[in-house]
There are 2 protein chains.
Amino acid sequence: MSDAEFYADPTHSIGYLTRIAFRAFARALEVRTAPHGVSAGQWRFLRVLWQEDGLTQRELSRRVGMREPTTVIALNSLERSNFVVRQKSVEDRRKVHVYLTPEAKALHAVLMPAVAQVNAVALAGLTPDEIAILRKALTQVGRNLAVDADDAPSMDSAA
Amino acid sequence: MSDAEFYADPTHSIGYLTRIAFRAFARALEVRTAPHGVSAGQWRFLRVLWQEDGLTQRELSRRVGMREPTTVIALNSLERSNFVVRQKSVEDRRKVHVYLTPEAKALHAVLMPAVAQVNAVALAGLTPDEIAILRKALTQVGRNLAVDADDAPSMDSAA
DNA sequence: CCTAATTCGTTAGAATACTATCTATTTCGT
DNA sequence: ACGAAATAGATAGTATTCTAACGAATTAGG
């Protein structure tokens, strides 16, 4: 098989493999968090807030890796579920700080083992070296394509 | 930083990195296909059909890596865009075969360079060995978690 | 041959995430 | 101090994907 044929095969492209892996991760996590009333969309935000409570929505968006309207929707949902409260900043009234409720804080100890388990399952059969390279490569890919988004909005500008 | 802290950090988990990379891929491709009237959802199906035209919807779903209702929606959209036609099977009237229109076939030569370009951008700075391991590791992760989905529907059944 | 189970596609309804646009607030240049 | 620009968040509308449930067609068991 030539290089061209290899990359033309949808089931071998890095993009395809990344999509399949992402969806599998999301599903595996959701299966474990849903019984505790935490959806996939809520999970990602809780994880970041467990690390640093009281972030503004802007900061939260950046750390979770979502756009702000997505954060607004997720926070509405988290508020309805009594997992967070919004509190307007006093020194800058545009800002809103997001704080975990005791219920959400209590979920930390319950749900974090799920991540560990999903990671263990996901990485079974890979050596520590391979895992390190996987991590490095995914980081690089994300960075490379983020740059692309900034400076290559059309197909004609490169190639 | 301890192992526990490392894995607790959302921005270092393989799941997070995979999500960021996937979204970046999807966006980079969409930017290049959209000017030709092809959305992200349509793109994945066209790629598979370019390789093997006339598949049934079931087969198509399996190869694209989507559930069947998703395929139905994508095909409705592809049909509206005049990219595919559905044709009922004569020997098994449950089945529907999906065929590319000449318009869609013509897009192959136009859009495939986009994949090559996105892949080149995405993988810049990685060695061939690292890319090979990335590919292998993503495949393994997908397989590991697919198995998990089958036999570990709740968090209590393992751990 | 006929009932039961399986297979294929579809519909309904929900969750997640996006772009584009809006309002409110703050900051900065003159 | 005042108008322009920037920043924070929210809203509207759309796209993608899922699970659950259903209808139609086919296959298999008795």
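Order of the sequence lines fixes the chain letters, A, B, ..., with proteins taken first and strands second; residue numbering starts at 1 for each chain. Nothing here was measured: the structure is a model prediction, and the numbers come from that model.
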- Within the pair A:Thr56 and D:dA8, is there a side-chain N or O less than 4.0 Å away from OP1 or OP2? no
- Step-by-step side-chain contact (heavy atoms from CB on, under 4.5 Å) determination, A:Trp43 to A:Val115: CA-CA 11 Å; A:Trp43 162 257; A:Val115 208; 3.5 Å; yes
- Message: Base, sugar-phosphate or nothing for B:Val72? Non-hydrogen atoms, less than 4.0 Å.
- Response: base
- Item | Side-chain donor-acceptor pair present, A:Glu30, A:Ser39, cut-off under 3.5 Å | no
- Note on the structure: By nearest-nucleotide position on DNA chain C, the 5'-leaning member of A:Arg44 and A:Glu91 is A:Arg44
- Linking I/L/V/M/F/W/Y whenever any side-chain heavy atoms sit under 4.5 Å apart, do B:Val141 and A:Ile131 land together? yes
- Item | Nucleotide C:dC18, atom P - distance to CD of B:Glu30 in whole Å | 11 Å
- Once you round it to whole Å, what is the distance between C1' of D:dA25 and CZ of B:Arg58? 13 Å
- Item | For DNA chain C, the residues among residues 75-90 of chain B that have a non-hydrogen atom under 4.0 Å from it | B:Arg86
- Message: Please classify the nucleic acid contact of A:Thr71 as base, sugar-phosphate, or nothing, using heavy-atom distances under 4.0 Å.
- Response: nothing
- Message: Can a donor-acceptor pair be found, under 3.5 Å and without considering hydrogens, that links the side chain of A:Arg93 to the backbone of A:Ser89?
- Response: no
- Nearest-Å distance, CG (A:Asp92) to P (C:dT25)? 10 Å
- Decide yes or no for B:Leu46 and B:Leu100: does some side-chain heavy atom of the first lie under 4.5 Å from some side-chain heavy atom of the second? yes
- Query: Side chains of A:Gln42 and A:Ser77: donor-acceptor distance under 3.5 Å anywhere?
  - Reply: yes
- What is the distance from CZ of B:Phe22 to C1' of C:dC18, rounded to the nearest Å? 12 Å
- Query: Counting just side-chain N and O atoms, does A:Gln42 come under 4.0 Å of either OP1 or OP2 of C:dA15?
  - Reply: no
- Item | Interatomic distance where CG belongs to B:Leu55 and P belongs to C:dG9 [whole Å] | 11 Å
- Query: Whole-Å distance between C:dA17 P and B:Arg23 CZ?
  - Reply: 7 Å
- Intermediate values then yes/no, side-chain contact (heavy atoms from CB on, under 4.5 Å), B:Leu75 and B:Leu78: CA-CA 5 Å; B:Leu75 287 178; B:Leu78 285 162; 4.0 Å; yes
- Is any side-chain nitrogen or oxygen of A:Arg19 closer than 4.0 Å to OP1 or OP2 of D:dT17? no
- Describe the nucleic acid contact of B:Ala40 in one word from base, sugar-phosphate, nothing, applying a heavy-atom distance below 4.0 Å. sugar-phosphate
- Message: With a 4.0 Å limit, can you tell me whether A:Arg93 has a side-chain N or O closer than that to the phosphate oxygens OP1/OP2 of C:dT26?
- Response: yes
- Query: Is A:Trp50 reaching over with its side chain to a backbone N or O of A:Met112, donor-acceptor style, under 3.5 angstrom?
  - Reply: no
- Separation of atom CG in B:Leu29 from atom C1' in C:dC18, rounded to whole Å: 16 Å
- Item | Backbone of B:Gln57 reached by a side-chain donor or acceptor of B:Ser61 within 3.5 Å | yes
- Nucleotide by nucleotide, 5' to 3', does protein get under 4.0 Å of the base (B), only the sugar-phosphate (S), or neither (-) in nucleotides 19-24 of chain D, counting heavy atoms? BB----
- Distance-only, no hydrogens or angles: does the B:His97 side chain make a donor-acceptor pair with backbone N or O of B:Gly54 under 3.5 Å? yes
- B:Gly65 vs A:His97, nearer the 5' end of DNA chain D by closest nucleotide: A:His97
- Item | A:Gln57 CD to D:dT11 P, straight-line distance once rounded to whole Å | 10 Å
